[in-house]
Number of protein chains: 2
Amino acid sequence: MVEPYYDRAGITIYHGDCFTILHELEGIDAFVTDPPYSSGGAFRSDRTVSTVSKYVQTQTQAYRPEFGGDNRDQRSFMTWCGMWLSAAYNASNANAIVCSFIDWRQLPTLSDAIQAGGWTWRGVAVWSKKFGRPTPGRFSNACEYVVWGSKGPMLQREVYPPGVFECSPPSGDAKQHIAQKPEAVMEWVLSVVPDGATVCDPFMGSGTTLRAAKNAGCKCIGIEADEQYCEMAAKRLQQDVLPFAT
Amino acid sequence: MVEPYYDRAGITIYHGDCFTILHELEGIDAFVTDPPYSSGGAFRSDRTVSTVSKYVQTQTQAYRPEFGGDNRDQRSFMTWCGMWLSAAYNASNANAIVCSFIDWRQLPTLSDAIQAGGWTWRGVAVWSKKFGRPTPGRFSNACEYVVWGSKGPMLQREVYPPGVFECSPPSGDAKQHIAQKPEAVMEWVLSVVPDGATVCDPFMGSGTTLRAAKNAGCKCIGIEADEQYCEMAAKRLQQDVLPFAT
DNA sequence: GCCGAGAATGAATCCATCC
DNA sequence: AGGATGGATTCATTCTCGG
């Protein structure tokens with residue numbers, strides 16, 4: 001069994017590759033995560049290939065060119081998402097929930113991947129950031145999306161979470177990770193997760209999901225490949241335990 | 001050439017099959033439309049019932065006519081969307097814009113189809129209805145989406161439309177079609193369309209797009225297969241011309 | 001005309017029942 | 001792997017209507 005990087009008060013952090021760790025896990029009730037989007041830019045040269053090629057090494061080739069410029073990264077992103085979603089499915093209990101953030105460009109790919117991984121796709125929820133970067137002549141990209149689903153039928157629950165949640169992105173000192181989500185957004189997403197569930201975030205980053213899950217009374221598990229973020233998250237989570245925490 | 005059902009003051013309505021009519025058209029600057037979604041429910045039997053019982057179930061329901069073309073399965077929906085988007089592409093000028101409404105379930109299919117039809121997919125805009133019908137334990141489906149793109153590069157314009165638009169759906173006497181959009185929502189979508197453009201809605205319904213396009217100073221063309229809706233739209237549009245219109 | 005109370009509404013989803 | 005039908009459920013917002 002893999003050794004945790006941090007393990008205290010129902011919070012466990014693993015430092016390592018998500019596939020390796022997921023393979024060892026079981027009994028998860030909910031996956032709530034914000035994976036790297038491999039997005040940005042309409043052309044391949046605009047993208048950072050490193051994050052993708054780090055996880056997937058497949059022979060990439062031109063694929064249905066009539067579907068537009070750049071399907072190579074799209075294809076490997078699809079494969080990679082299918083892989084982690086499938087591993088997550090296998091580590092889950094029956095009736096588990098999966099919620100993954102994504103941007104508009106990869107939304108269709110992720111909705112395919114979630115189903116390819118065995119999950120039942122249940123819907124899309126919208127995080128409205130109020131103001132996206134304005135672009136002349138175009139709709140601003142002011143939203144990110146939560147593609148979500150379940151492992152088989154869902155448990156009956158008496159909550160009615162809104163389908164749109166409006167909240168400004170973090171800024172200033174509160175922001176420790178490029179893609180960091182506000183804690184309020186994570187709490188909103190967690191409202192579809194049963195009380196006392198075991199929540200796992202396989203792409204933990206600075207640990208916002210874990211903080212929100214802990215506040216919701218959940219047991220939680222984070223996985224992160226970058227040790228710098230493991231340390232940062234452990235510090236953030238330990239702070240909360242102190243009596244004089246803010 | 002096909003005979004118009006209505007043709008007055010820069011507004012033309014064709015009654016007939018959209019493929020037949022689109023084949024005859026040319027010189028369109030923007031397609032703005034709200035096609036039948038062929039959505040609803042997780043089971044085929046839920047999708048194949050009539051639009052009235054599928055989308056509305058309350059006790060004292062005002063009568064609104066059925067609309068056709070809403071019972072395709074995923075595969076034929078994809079093919080059908082590819083066909084009309086391709087026909088629309090062929091009827092378009094260079095730099096034309098396409099904007100099509102869709103719900104969460106069919107968003108990935110439509111984003112594939114728009115690219116299969118030759119368009120460059122530019123993004124997703126969100127119409128937030130504020131509050132959808134609640135479903136226990138799940139995010140309410142409070143949004144519809146605008147999948148949009150262009151024929152080649154876009155013209156430079158000095159407008160900055162928001163990526164999310166919040167507006168309640170029409171109700172009461174103002175609602176004549178089950179899936180009718182508020183005029184304000186159509187005006188928001190039309191903000192990416194150049195001034196004085198020729199706008200076409202190949203699934204006109206009760207004619208909201210045409211009203212909004214006319215108010216925006218556009219020439220407009222509507223196509224509708226159901227004569228009942230052609231009549232309804234013609235009446236709505238003619239009303240606006242009268243000096244004592246409300 | 002304004003305000004408050006009560007009623008109606010919704011591009012929904014699931015499931016039991018029937019043929 | 002059967003397929004269609006109808007009923008039950010839900011609550012913030014919007015509408016209606018009376019005072």
Side-chain angles (χ1 to χ4, degrees), chain A residues 95 97 120-126 148-150 152-166 188 191-192, chain B residues 33-74 77 80-81 100-110 126-147 165-186 189 201 203-206 208-209 226 229:
Chain A
N95 316 116
I97 301 282
T120 303
W121 183 31
R122 297 288 180 182
V124 173
V126 177
W148 72 284
S150 67
M154 291 183 63
L155 296 174
Q156 289 286 333
R157 293 185 63 237
E158 298 263 322
V159 292
Y160 297 88
V164 192
F165 190 80
E166 198 173 286
W188 161 64
S191 59
V192 292
Chain B
T33 192
D34 187 24
Y37 295 172
S38 292
S39 201
F43 306 100
R44 188 171 54 186
S45 60
D46 284 327
R47 287 188 295 268
T48 48
V49 294
S50 75
T51 51
V52 167
S53 56
K54 176 158 62 165
Y55 295 128
V56 187
Q57 269 179 20
T58 44
Q59 283 147 8
T60 57
Q61 170 60 43
Y63 171 77
R64 293 186 194 100
E66 295 276 348
F67 61 94
D70 200 62
N71 297 318
R72 291 173 234 271
D73 66 26
Q74 196 91 30
F77 183 74
W80 176 77
C81 283
S100 176
F101 280 86
I102 201 66
D103 70 351
W104 67 272
R105 199 184 293 278
Q106 302 285 29
L107 197 163
T109 305
L110 186 62
V126 178
W127 169 36
S128 165
K129 298 188 247 189
K130 294 189 181 173
F131 202 85
R133 182 180 293 207
T135 321
R138 303 161 187 238
F139 296 106
S140 81
N141 294 318
C143 296
E144 289 182 36
Y145 303 91
V146 179
V147 173
F165 190 80
E166 196 174 271
C167 180
S168 296
S171 58
D173 291 344
K175 180 166 176 170
Q176 306 189 329
H177 188 291
I178 295 173
Q180 187 172 327
K181 301 289 173 280
E183 212 164 308
V185 169
M186 284 302 178
V189 172
D201 182 351
F203 310 102
M204 180 186 65
S206 55
T208 310
T209 307
D226 186 329
Y229 282 118

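These numbers were taken from a predicted model, which means no experiment stands behind them. Lettering follows sequence order; numbering is per chain, from 1.
No donor-acceptor distance shorter than 3.5 angstrom exists from the side chain of B/K130 to the backbone of B/S128, with no hydrogens or angles considered. When atom types are taken as modelled, the side chain of B/Y37 and the backbone of B/R105 share no donor-acceptor pair closer than 3.5 angstrom. B/Q180 places no side-chain N or O within 3.5 Å of a backbone atom of B/G205 that could act as its donor or acceptor partner.
Using a 3.5 Å distance cut-off with no hydrogens or angles, the side chains of B/Q106 and B/S39 do not pair a donor with an acceptor. When only modelled atom types and interatomic distance are considered, B/D201 and B/T33 share a side-chain donor-acceptor pair under 3.5 Å.
Contact annotation: B/K175 side-chain N/O to C/dG10 OP1/OP2 distance is under 4.0 Å. Contact check, B/W104 against C/dT13: a side-chain N or O comes under 4.0 Å of OP1 or OP2. Considering only side-chain N and O atoms, B/R64 lies under 4.0 angstrom from the phosphate OP1 or OP2 of C/dG10. Contact annotation: B/N141 side-chain N/O to C/dT13 OP1/OP2 distance is under 4.0 Å. One finds no side-chain N or O of B/R133 lying less than 4.0 angstrom from the OP1 or OP2 phosphate oxygen of D/dC11. Checking the phosphate oxygens (OP1, OP2) of C/dT9, no side-chain nitrogen or oxygen of B/S171 falls inside 4.0 Å.
When the P atom is used for both D/dA1 and C/dA16, the distance is 23 Å, rounded to whole Å. Taking atom C1' on both C/dC14 and D/dA12, the two are 22 Å apart, rounded to the nearest angstrom. Using atom C1' as the reference point in both D/dT9 and C/dG10, the two lie 13 Å apart (nearest Å).
Here the shortest heavy-atom pairing between A/S150 and A/R122 reads OG-NE, 3.0 Å. Of all heavy-atom pairs between A/M154 and A/I97, the closest is CE-CD1, 3.7 Å.
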* Asked: Can you list the steps and then say if B/K54 with B/D70 is a side-chain contact (heavy atoms from CB on, under 4.5 Å)?
  -> CA-CA 10 Å; B/K54 176 158 62 165; B/D70 200 62; 2.7 Å; yes

* B/Q74/B/T109 under side-chain contact (heavy atoms from CB on, under 4.5 Å): CA gap, chis, key distance, verdict -> CA-CA 8 Å; B/Q74 196 91 30; B/T109 305; 2.7 Å; yes

* **Test log, rule ring-ring contact (aromatic ring centres under 6.0 Å, His included), inputs A/W148 and B/W104** => CA-CA 11 Å; A/W148 72 284; B/W104 67 272; 8.4 Å; no

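Only one option out of B/K175, B/H177, B/Q176 pairs with B/R64 in a side-chain contact (heavy atoms from CB on, under 4.5 Å); it is B/K175.
B/V146 has its side chain out of reach of B/F165: every pair of non-hydrogen atoms, C-beta onward, lies at least 4.5 Å apart.
Residue contacts shown for B/P35 include a base, since a base heavy atom lies under 4.0 Å away. Residue B/F67 is classed as a base contact, given a heavy-atom separation below 4.0 Å to a base. Within the nucleic acid shown, B/P36 comes within 4.0 Å of at least one base atom, counting heavy atoms only.
Nearest to the side chain of B/Y37, among D/dT10, D/dT14, C/dA11, sits C/dA11. Candidate nucleotides C/dT13, C/dA11, D/dT5 were compared by shortest atom distance to the side chain of B/V49, and D/dT5 ranks first. Taking every side-chain heavy atom of A/Y160 into account, D/dC11 is the closest of C/dT13, C/dA11, D/dC11. Closest to the side chain of B/K181, from the set C/dA11, D/dC11, D/dT14, is C/dA11.
Separating the CZ atom of B/F139 from the P atom of D/dC11 is a distance of 17 Å, rounded to the nearest angstrom. The nearest whole Å value for the distance from the CG atom in B/N71 to the C1' atom in D/dA4 is 13 Å. Atom-to-atom, NE2 of B/H177 to C1' of C/dA11 comes out at 10 Å; the value is rounded to the nearest Å. Atom CZ in B/R47 sits about 13 Å away from atom C1' in D/dG3, given to the nearest Å. The distance from atom OH of B/Y55 to atom P of D/dG6 is 18 Å, rounded to the nearest whole Å.
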* To do: Taking Watson-Crick and G-U wobble pairs with both distances under 3.5 Å, convert DNA chain C into its dot-bracket string, 5' to 3', dots for unpaired and | for cross-strand pairs.
  => .|||||||||.||||||||

Under 3.5 Å between N/O atoms: give me all the protein pairs with nucleotides 14-16 of chain C, atom names plus distance.
residue, atom, partner, partner atom, Å
C/dC14, OP1, A/R122, NH1, 2.7
C/dC14, OP1, B/R138, NH1, 2.8
C/dC14, OP1, B/R138, NH2, 3.3

Using a cut-off of under 3.5 Å, enumerate the N/O to N/O pairs linking the protein to nucleotides 2-7 of chain C.
none

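For the pair A/E158 and B/P169, nearest-nucleotide mapping onto DNA chain D gives the more 5' position to A/E158. Looking at which nucleotide of DNA chain D each of B/T48 and B/P134 is closest to, the 5′-most match is held by B/T48.
Between B/F203 and B/W80, the ring planes are tilted. Angles from 30° to 60° get that label.
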